[in-house]
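To start, the structure itself, in structure tokens.
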There are 2 protein chains.
Amino acid sequence: MLELAILGFLRDRPLHGYDLRKRVAALMGHVRPVADGTLYPAIKRMAAAGWLTRKDEPGAVAAPRRMLYLTDEGRAELERRLRDPDDLDISDENRWFTLLAFLRQLDEPKEQAAVLRRRLAFLEEPTSFFYDGDRPMAAEEFGDPFRQGLLTIAHATSQAELAWLRATIDALVALDGSA
Amino acid sequence: MLELAILGFLRDRPLHGYDLRKRVAALMGHVRPVADGTLYPAIKRMAAAGWLTRKDEPGAVAAPRRMLYLTDEGRAELERRLRDPDDLDISDENRWFTLLAFLRQLDEPKEQAAVLRRRLAFLEEPTSFFYDGDRPMAAEEFGDPFRQGLLTIAHATSQAELAWLRATIDALVALDGSA
DNA sequence: TCAATATATATCGGATCCGAGGTATACTCG
DNA sequence: CGAGTATACCTCGGATCCGATATATATTGA
């Protein structure tokens with residue numbers, strides 16, 4: 001997921017690692033930024049894969065910066081990941097949020113809509129969080145406020161997402177039809 | 001986080017690995033269950049740490065089951081993790097949800113409320129997801145429907161959680177006062 | 001002026017996780 | 001009766017991640 005964020009940010013403009021770190025933290029980390037011990041190895045790894053190149057930037061700032069440029073291979077890899085995301089079928093909000101932040105970078109509205117439809121199909125599957133043996137338990141069955149809270153929050157989240165998904169898919173289809 | 005789920009489920013009743021796998025999948029995994037290659041090493045690890053004991057169950061079922069029993073050390077470890085969760089300050093919904101599912105296992109309403117208050121404080125911090133240089137960008141600034149969607153969903157989620165948190169903290173405080 | 005903080009990059013060990021593969025028995029359906 | 005599926009446990013290699021640690025300079029505030 002970190003790799004997708006790096007590819008996405010670099011498609012907008014070249015950045016050095018420290019700047020990238022702040023942007024990734026804002027998107028994925030909030031309080032605790034992504035650890036340096038995670039980010040810099042990831043950059044190195046992705047440079048080895050040929051997705052980005054590094055160039056030293058002799059500048060006015062304290063430490064020497066290494067600017068990161070997305071290569072054509074990196075751009076192709078980004079498009080591949082946006083078009084065919086592996087994990088729309090699991091309930092990992094962070095992954096979905098990161099994807100959502102960069103999905104606009106796909107050129108075709110039709111392909112953007114296709115990704116959203118897969119997510120919609122996933123969210124429309126019935127979900128159960130708790131079981132008594134093999135029998136799924138309904139929210140009303142436990143007075144436990146914490147499990148009630150879990151279901152309340154999960155429900156509100158998926159309702160908000162569903163509403164937005166449906167509206168956005170419609171808009172993308174209309175956009176594609178009129179083009 | 002997997003370890004917290006295992007401790008929490010075993011506090012309710014002894015389970016064998018395969019049963020645990022289904023419950024963990026229902027809570028954390030939904031479509032894709034936690035991999036066997038993750039769960040069984042985790043069980044082994046936790047047995048080595050003294051948090052649970054394993055006993056072979058010669059039974060009528062196909063393969064021999066190994067029942068898992070939480071030890072006193074395991075119960076103490078669970079309470080420690082519920083009381084002092086490391087990561088209420090990061091935006092990982094899965095962690096928070098797992099914690100929420102077992103927080104009722106803390107005996108004192110006062111301590112339950114204390115955990116919720118820390119989460120409340122985190123959610124009340126202003127958050128920005130996107131930056132133009134160092135300047136945080138408001139939702140209105142980009143017409144981009146994907147970033148708008150990101151903010152819409154994030155906002156709805158945190159509003160639902162805030163409302164539930166405030167109500168539940170009040171209820172716990174009242175409960176503690178009347179006891 | 002001196003300490004602290006911010007800038008900036010990097011390595012290393014340890015932890016956890018996933019995917020692929022392996023083993024074996026019971027039940028169900030054609 | 002045979003194939004497929006469900007039950008049930010496990011190992012191993014590879015990937016990613018975090019925390020600690022290291023280095024070095026510029027800026028800011030007491």
Side-chain angles (χ1 to χ4, degrees), chain A residues 1-7 14-25 28-29 31-49 51-68 81 86-87 89-92 94-95 98 133-134, chain B residues 1-7 14-25 28-49 51-52 54-68 81 86-87 89-92 94-95 98 133-134:
Chain A
M1 225 9 49
L2 176 59
E3 293 187 357
L4 179 61
I6 293 173
L7 292 171
L15 297 166
H16 55 274
Y18 199 73
D19 199 349
L20 199 49
R21 172 170 163 260
K22 283 189 289 188
R23 284 163 203 262
V24 170
M28 297 174 57
V31 169
R32 181 187 307 188
V34 172
D36 288 353
T38 302
L39 181 66
Y40 288 105
I43 290 170
K44 196 180 180 183
R45 196 165 68 222
M46 292 168 75
W51 297 336
L52 52 90
T53 53
R54 291 183 280 185
K55 208 169 81 176
D56 280 11
E57 196 88 345
V61 288
R65 291 173 172 170
R66 303 190 77 178
M67 285 301 273
L68 307 172
R81 293 194 189 200
D86 295 333
D87 295 320
D89 55 340
I90 64 166
S91 58
D92 183 331
N94 245 6
R95 281 179 199 216
T98 304
D134 276 339
Chain B
M1 231 0 56
L2 176 57
E3 293 188 357
L4 178 61
I6 293 174
L7 293 171
L15 297 166
H16 56 272
Y18 201 71
D19 199 350
L20 198 50
R21 173 171 163 259
K22 283 190 287 190
R23 285 163 203 264
V24 170
M28 296 174 57
H30 187 23
V31 169
R32 182 186 309 186
V34 172
D36 287 353
T38 302
L39 180 66
Y40 288 105
I43 290 171
K44 196 179 178 183
R45 195 165 69 222
M46 291 166 77
W51 298 335
L52 51 92
R54 291 183 282 184
K55 208 168 80 175
D56 279 13
E57 196 87 346
V61 288
R65 290 173 171 169
R66 304 191 77 179
M67 285 300 275
L68 307 171
R81 292 192 190 202
D86 295 333
D87 295 319
D89 55 339
I90 66 165
S91 58
D92 183 331
N94 246 5
R95 282 181 198 214
T98 304
D134 277 337

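Reminder, nothing fancy here: chain letters follow the sequence lines and each chain counts from 1.
- B/D19 has its CG atom 10 Å from the P atom of D/dT7, to the nearest Å.
- Residue B/E57 contributes atom CD, which lies 17 Å from atom P of D/dT7 at whole-angstrom precision.
- Put simply, B/T38 has no side-chain N or O that comes within less than 4.0 Å of OP1 or OP2 on C/dT16.
- At C/dT9, none of the side-chain N or O atoms of A/R66 fall inside 4.0 Å of OP1 or OP2 (strictly under the cut-off).
- Within the 4.5 Å cutoff, no side-chain heavy atoms of B/R66 are placed close to those of B/H16.
- Contact annotation: B/Y40 does not reach the phosphate of D/dC10 (side-chain N/O to OP1 or OP2, under 4.0 Å).
- For the pair A/M1 CE and C/dC18 P, the computed distance is 14 Å after rounding to whole Å.
- Using a 4.0 Å heavy-atom criterion, one finds that B/L2 contacts the sugar-phosphate atoms exclusively.
- Atom CZ of A/R95 and atom C1' of C/dC18 are 10 Å apart (whole Å).
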Working note: B/I6 + B/L39, criterion side chain to side chain contact (heavy atoms under 4.5 Å, CB included); need CA distance, chi angles, decisive distance, verdict. CA-CA 9 Å; B/I6 293 174; B/L39 180 66; 3.9 Å; yes

Could you go through A/L68 and A/L15, starting from their C-alpha distance and side-chain angles, then the distance that decides it, and tell me whether this counts as side chain to side chain contact (heavy atoms under 4.5 Å, CB included)? CA-CA 5 Å; A/L68 307 172; A/L15 297 166; 5.6 Å; no

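- Between A/R45 and C/dT11 there is no side-chain polar atom (N or O) within less than 4.0 angstrom of OP1 or OP2.
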Under the criterion side chain to side chain contact (heavy atoms under 4.5 Å, CB included), I'd like the reasoning laid out for A/R21 against A/D36: C-alpha separation, chi angles, the key distance, then a yes or no. CA-CA 8 Å; A/R21 172 170 163 260; A/D36 288 353; 2.9 Å; yes

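- Taking only side-chain nitrogens and oxygens, A/R54 never comes nearer than 4.0 Å to OP1 or OP2 of C/dT9.
- For the pair A/Y18 OH and C/dA10 P, the interatomic distance rounds to 14 Å; values are reported in whole Å.
- B/R23 places its CZ atom 14 Å from the P atom of D/dT7, with the value rounded to the nearest Å.
- Rounded to an integer number of Å, the gap from A/M46 CE to C/dT9 P is 15 Å.
- Closest to the B/R65 side chain, of the nucleotides C/dA10, D/dC9, C/dA6, is D/dC9.
- Phosphate contact (OP1/OP2 of D/dC9, side-chain N/O of B/H16, threshold under 4.0 Å): absent.
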Go through A/M46 and A/E3 one step at a time and tell me if the side chain to side chain contact (heavy atoms under 4.5 Å, CB included) criterion holds. CA-CA 8 Å; A/M46 292 168 75; A/E3 293 187 357; 3.8 Å; yes

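- When heavy atoms are screened at a 4.0 angstrom cut-off, A/G37 is found touching base atoms of the nucleic acid.
- Applying the 4.0 Å criterion to OP1 and OP2 of C/dT11, one finds that A/K44 has a side-chain N or O inside that range.
- B/R21 has its CZ atom 13 Å from the P atom of C/dG19, to the nearest Å.
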